[in-house]
Amino acid sequence: MKPGHLDLDFCLQSGQVFRWRKIGSGWVGVEGDHAFHIRQPDATRLEVETSASREQVESFFRLDWDADEVAGRILEKGPELSPYFGELRGLRVMRPSNPVETFFCFLCTANNNLSRIGPMCWKLGSYGEEIGEIEGILLHKFPSVSGIAQIPEAELREAGFGYRGATIPHAAMQVLERGANWIQSLIEMPYAEAHAALVEVKGIGPKLADCICLFALDKSEAVPLDTHIWQAFTRLYHPEWKGKAVTASRYREATQTFRERFGDVAGWAHQYLFYENLLNWRSR
DNA sequence: CGGTAG
DNA sequence: ACCGG
């Protein structure tokens with residue numbers, strides 16, 4: 001397999017997918033219905049142990065997109081982002097295949113930090129069907145929406161979910177009211193329509209809706225605007241809003257600016273900005 | 001603080 | 001204001 005430019009650590013550690021564990025130099029996790037053990041012996045090779053097909057692996061890492069070409073296109077349209085692209089060659093926007101998993105994992109991310117999000121997503125995953133064991137790690141498919149809806153609030157609170165112990169099963173109930181297949185049905189909608197439908201769910205605001213659009217629904221123009229992206233936006237494009245709070249209307253304005261500038265690679269531009277900020281923050 | 005609701 | 005660091 002020729003991964004083009006793909007950095008496993010960047011892809012699996014950059015807040016896009018959460019149920020992956022680093023084991024030595026490799027990674028163990030679940031994608032869709034399949035367990036994976038992946039190693040990257042050098043920059044140009046990928047060793048993948050899985051029952052998933054090659055097509056599924058390539059889709060997950062979005063190898064149908066040329067990362068260098070995308071980065072080039074972003075820098076052409078927005079040279080002001082070049083400081084953020086320094087060391088991030090091989091960072092890709094992933095395409096996880098189970099939108100239900102992405103939906104609920106991102107529900108864990110609001111008002112939270114990465115060190116807690118992983119264990120929380122892992123806990124949700126433990127309610128799904130067991131599909132294997134790699135390096136002593138038990139792997140589960142992600143549970144169904146009704147499986148999530150049935151989890152007692154107390155179990156999640158005990159596991160450190162805080163108020164999300166209530167909001168996550170409640171969000172699952174809301175999804176069920178819309179039909180068991182509602183999340184999947186959003187894939188067929190245009191970005192704006194899917195985003196509008198998602199924020200109707202209590203617990204999903206504009207930022208989470210954009211995460212779900214970008215990673216679960218393959219809407220590459222979605223720009224999840226968190227506090228770091230907001231700061232970058234005010235610094236680069238709108239200094240008079242520096243220090244101001246992100247209102248709903250400023251959220252629309254800022255994300256629309258990225259979309260007008262970067263079009264269908266706006267989501268990739270966001271991912272580089274986001275991960276660069278995350279690395280800077282980690283190194284402090 | 002990788003937000004959202006009231 | 002909200003769980004928990």
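Because the structure is predicted, anything quoted here is derived from the model rather than measured.
Taking a cutoff of 4.0 Å between a charged side-chain nitrogen and a carboxylate oxygen, A/Arg39 and A/Glu47 qualify as a salt bridge.
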Please report the C-alpha distance between A/Asp218 and A/Tyr191 in whole Å, then the side-chain angles of each, then the deciding distance to 0.1 Å, and finally whether the side chain to side chain donor-acceptor pair (under 3.5 Å) criterion is met.
CA-CA 9 Å; A/Asp218 211 2; A/Tyr191 161 69; over 6 Å; no
Can A/Asp264 and A/Lys219 be said to form a salt bridge (Lys or Arg N to Asp or Glu O under 4.0 Å), step by step?
CA-CA 8 Å; A/Asp264 69 341; A/Lys219 310 300 180 204; over 6 Å; no
Please test A/Phe233 against A/His238 for ring-ring contact (aromatic ring centres under 6.0 Å, His included), starting from the C-alpha separation and ending with a verdict.
CA-CA 6 Å; A/Phe233 166 76; A/His238 211 127; 5.7 Å; yes
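The cationic atom of A/Arg21 (NZ for Lys, CZ for Arg) lies less than 6.0 Å from the six-membered ring centre of A/Trp122 and within 45° of the ring axis.
One can place NE2 of A/His195 at 12 Å from C1' of B/dG3, the figure rounded to the nearest angstrom. What separates CG of A/Asn277 from P of B/dG2 is a distance of 9 Å, to the nearest Å. When rounded to the nearest whole Å, the span between CG of A/Leu198 and P of B/dT4 equals 11 Å. The distance between atom CZ of A/Arg164 and atom C1' of C/dG4, rounded to the nearest whole Å, is 8 Å. If you take CD of A/Gln16 and C1' of B/dG2, they are 13 Å apart, rounded to a whole angstrom. What separates NZ of A/Lys207 from P of B/dC1 is a distance of 14 Å, to the nearest Å. Between A/Ile117 atom CD1 and C/dG5 atom C1' there is a gap of 13 Å when expressed in whole angstrom units. What separates OH of A/Tyr251 from C1' of B/dA5 is a distance of 16 Å, to the nearest Å.
Toward the 5' end of DNA chain B, the nearer of the two residues A/Ile204 and A/Leu278, judged by each one's closest nucleotide, is A/Leu278.
In this structure, a donor-acceptor pair under 3.5 Å is absent between the side chains of A/Arg261 and A/Thr257. Using a 3.5 Å distance cut-off with no hydrogens or angles, the side chains of A/Gln16 and A/Tyr275 do not pair a donor with an acceptor. Between the side chains of A/Thr50 and A/His34, no donor N or O sits under 3.5 Å from an acceptor N or O.
For DNA chain C, there is no stem of at least three Watson-Crick or G-U pairs with distances under 3.5 Å.
For A/Phe106, taking side-chain heavy atoms from C-beta onward, the closest of the listed nucleotides B/dT4, B/dG2, B/dA5 is B/dG2.
Here the side chain of A/Asp42 pairs a donor or acceptor atom with the backbone of A/Arg45 at under 3.5 angstrom. The main-chain N or O of A/Pro99 is never found under 3.5 Å from a side-chain atom of A/Thr102 such that the two would form a donor-acceptor pair.
Nucleic acid contact class of A/Leu208 (heavy atoms, under 4.0 Å, all strands): sugar-phosphate only. A/Gly203 comes within 4.0 angstrom of the backbone, heavy atoms only, and of no base. Contact annotation for A/Val199: no contact, since no heavy-atom pair falls under 4.0 Å across all strands. Nucleic acid contact for A/Phe18: base, since at least one base atom lies under 4.0 Å from a heavy atom of the residue. As judged by a 4.0 angstrom heavy-atom cut-off over every strand, A/Asn112 is placed among residues touching the sugar-phosphate backbone only.
Dashed line: the shortest gap from a side-chain N or O of A/Arg116 to OP1 or OP2 of C/dC3 is not under 4.0 Å.
A/Tyr163 contributes a side-chain N or O that forms a donor-acceptor pair with the base of B/dG3 under 3.5 Å.
For the segment residues 211-237 of chain A, no residue has any heavy atom less than 4.0 angstrom from an atom of DNA chain C.
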